[in-house]
Amino acid sequence: MTPTKLGGPIDLDKTLLSGQVFHWTRCADGSWSGLLGHEAVVVSEKNGQLILHQGTADRVARYFALDHPLEEIYAAFPEEPMSQSALAACRGLRILRQPRWECTAAFITSSMKQVAHIRSMSLAIRSSFGEAVEGSEINAYPAFEVLAKATEPALRACGLGYRAENLLKTARLLADGTIDLEAIAKQPTARLRQTLQMLPGVGVKVANCILLFAYERLDAVPIDTWIHRILLAMRKGRKGTPAQLATYAHRRLGPYAGYVQQYLFHHARMMKKEGRG
DNA sequence: CGCCAGGGTCTCG
DNA sequence: CGAGACCATGGC
């Protein structure tokens with residue numbers, strides 16, 4: 001197809017390398033290939049604009065959240081120095097709108113894992129259980145109905161370790177209709193967080209990742225080890241319970257706290273990578 | 001090689 | 001309620 005300009009501004013590398021999604025692959029020419037469900041997509045970036053090379057324009061534009069009002073979001077960033085330097089370093093990073101199940105499954109496997117290994121687990125699960133997609137190197141993420149029929153050893157063979165049991169139990173809860181990831185989207189955030197935490201392997205941190213990345217709750221703040229350290233630094237080392245830290249994050253990071261959090265997270269990781277050379 | 005990773009859950013005091 | 005142990009695996 002003829003390359004089409006979809007809009008922007010966007011920083012594609014930062015968006016796809018910031019640890020919110022794990023299956024995209026950067027090609028030698030700088031373009032990115034990935035999947036939206038069962039559709040193969042190829043995109044690139046030119047002058048801060050998203051260029052579509054393969055895929056359905058409106059679906060891709062929605063996935064990359066080109067409608068998020070970045071300037072309004074940036075205006076709501078805290079004046080606080082760490083947030084401002086993260087903003088300066090990560091302009092154009094967008095929070096994607098991911099498929100619910102795929103995002104839920106990926107973050108169930110994420111506990112005590114580095115981003116690189118979450119990716120390898122995702123690819124292994126796709127390879128073992130997913131359907132082939134024409135025009136794509138990788139398979140689609142398997143539906144929960146498919147994983148519900150898998151075995152724990154088969155999931156462990158994908159590198160999941162103790163997380164295999166959680167993913168399997170969650171897939172079975174969804175397959176038997178106990179929870180409907182689409183129907184619960186209309187719940188208010190606090191209740192939706194509680195509902196998600198009914199899934200095995202989903203605690204408050206993973207629930208907040210799912211809220212932010214798959215349910216458009218841009219004020220949700222996942223507090224992992226990185227954000228934990230950053231919040232403690234903002235509080236000048238003053239400690240507190242997880243709930244107190246969450247309340248602090250909410251108040252301090254503002255109405256788009258999830259966006260601020262993602263910029264802080266990505267910026268901190270990139271700084272460490274630079275430090276290693 | 002030893003440390004730590006986008007944690008959750010259960011048990012104990 | 002809060003702290004600690006335990007859970008597998010791989011990158012660095």
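Each chain gets a letter, A, B and so on, in the order the sequences are listed, and its residues count up from 1. Everything quoted here is computed from the prediction, not taken from an experiment. FYI, side chains are in, hydrogens and waters are out, and symmetry mates aren't considered; it's all heavy atoms of this structure.
Taking atom CD1 of A:I108 as the reference point, atom P of B:dG8 lies 10 Å away to the nearest angstrom. Whole-Å rounding puts the A:M112 CE to B:dC3 C1' distance at 10 Å. Following rounding to the nearest Å, A:L196 (CG) and B:dT9 (P) show an atom-to-atom distance of 12 Å. The CD-C1' distance, from A:E165 to B:dG7, rounds to 15 Å in whole Å. Computed from coordinates, the A:E152 CD to C:dC7 C1' distance equals 12 Å when rounded to whole Å. Across the protein-nucleic acid pair, A:Q114 atom CD and C:dG10 atom P stand 12 Å apart, rounded to whole Å. Going from atom NZ of A:K239 over to atom C1' of C:dG2 covers 14 Å, rounded to whole Å. Distance CZ (A:R119) to P (C:dT9): 21 Å, rounded to an integer number of Å.
Considering only the side chain of A:R156, C:dA8 comes nearest among C:dA8, C:dT9, C:dG11. Listed nucleotides C:dG11, B:dG7, B:dG6 differ in distance to A:T225; the shortest reach to its side chain belongs to B:dG7. Checked against C:dG10, B:dG7, B:dG6, the side chain of A:H117 finds its nearest nucleotide in C:dG10. Considering only side-chain atoms of A:V204, the nucleotide from B:dC4, C:dT9, B:dG8 that sits closest is B:dG8.
The base of B:dG6 sits within donor-acceptor range of the side chain of A:Q262, with an N or O pair under 3.5 Å. A donor-acceptor contact under 3.5 Å is formed by the side chain of A:Q261 with the base of B:dG6.
A salt bridge links A:E39 with A:R59; the closest basic N to acidic carboxylate O contact falls under 4.0 Å.
Taking atom C1' in both B:dC4 and C:dC6, the straight-line distance is 16 Å, to the nearest Å. C:dG2 and B:dG6 have their P atoms separated by 27 Å, given to the nearest Å. Spacing between C:dA8 and B:dT11 at atom P, rounded to whole Å, works out to 16 Å.
Under the 6.0 Å cut-off for aromatic ring centres, A:W32 and A:Y63 do not qualify, their centroids lying 6.0 Å or more apart.
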Validation: residues 146-155 of chain A side-chain donor-acceptor distances under 3.5 Å, sequence neighbours left out:
{"from": "A:T151", "atom 1": "OG1", "to": "A:A154", "atom 2": "N", "distance (Å)": "3.2"}
{"from": "A:E152", "atom 1": "OE2", "to": "A:R156", "atom 2": "NE", "distance (Å)": "3.1"}
{"from": "A:E152", "atom 1": "OE2", "to": "A:R156", "atom 2": "NH2", "distance (Å)": "3.2"}

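As judged by a 4.0 angstrom heavy-atom cut-off over every strand, A:T109 is placed among residues making no nucleic acid contact. Residue contacts for A:F22: at a heavy-atom cut-off of 4.0 Å it reaches no nucleic acid atom on any strand shown. Looking at heavy-atom distances under 4.0 Å, A:G201 makes contact with sugar-phosphate atoms alone, never a base. Note on A:I227: a base of the nucleic acid sits closer than 4.0 angstrom, heavy atoms only. Across all strands, A:T241 comes closer than 4.0 Å only to sugar-phosphate atoms, never to a base (heavy-atom distances).
Within the 4.0 Å cut-off from OP1 or OP2 of B:dA5, at least one side-chain nitrogen or oxygen of A:R229 is found.
The nearest heavy atom of DNA chain B to A:L199 and to A:S110 marks one nucleotide each, and the one closer to the 5' end goes with A:S110. When each of A:P242 and A:G159 is assigned the nucleotide of DNA chain C bearing its nearest heavy atom, the one mapping closer to the 5' terminus is A:P242. Each of A:N166 and A:P222 was assigned the nucleotide of DNA chain B with the nearest heavy atom; the assignment lying further toward the 5' end belongs to A:P222.
Counting heavy atoms from C-beta outward, A:R193 and A:P188 have side chains that stay 4.5 Å or more apart.
Taking the 5.5 Å centre cut-off and the 30° plane limit, the aromatic side chain of A:W226 is not classed as stacked on B:dG6.
Remark: A:R100 pairs with A:E182 by the salt bridge (charged side-chain N to carboxylate O under 4.0 Å, His left out) rule, at least two apart or across chains.
Aromatic ring orientation, A:W226 versus A:F265: perpendicular (interplanar angle above 60°, classes split at 30° and 60°).
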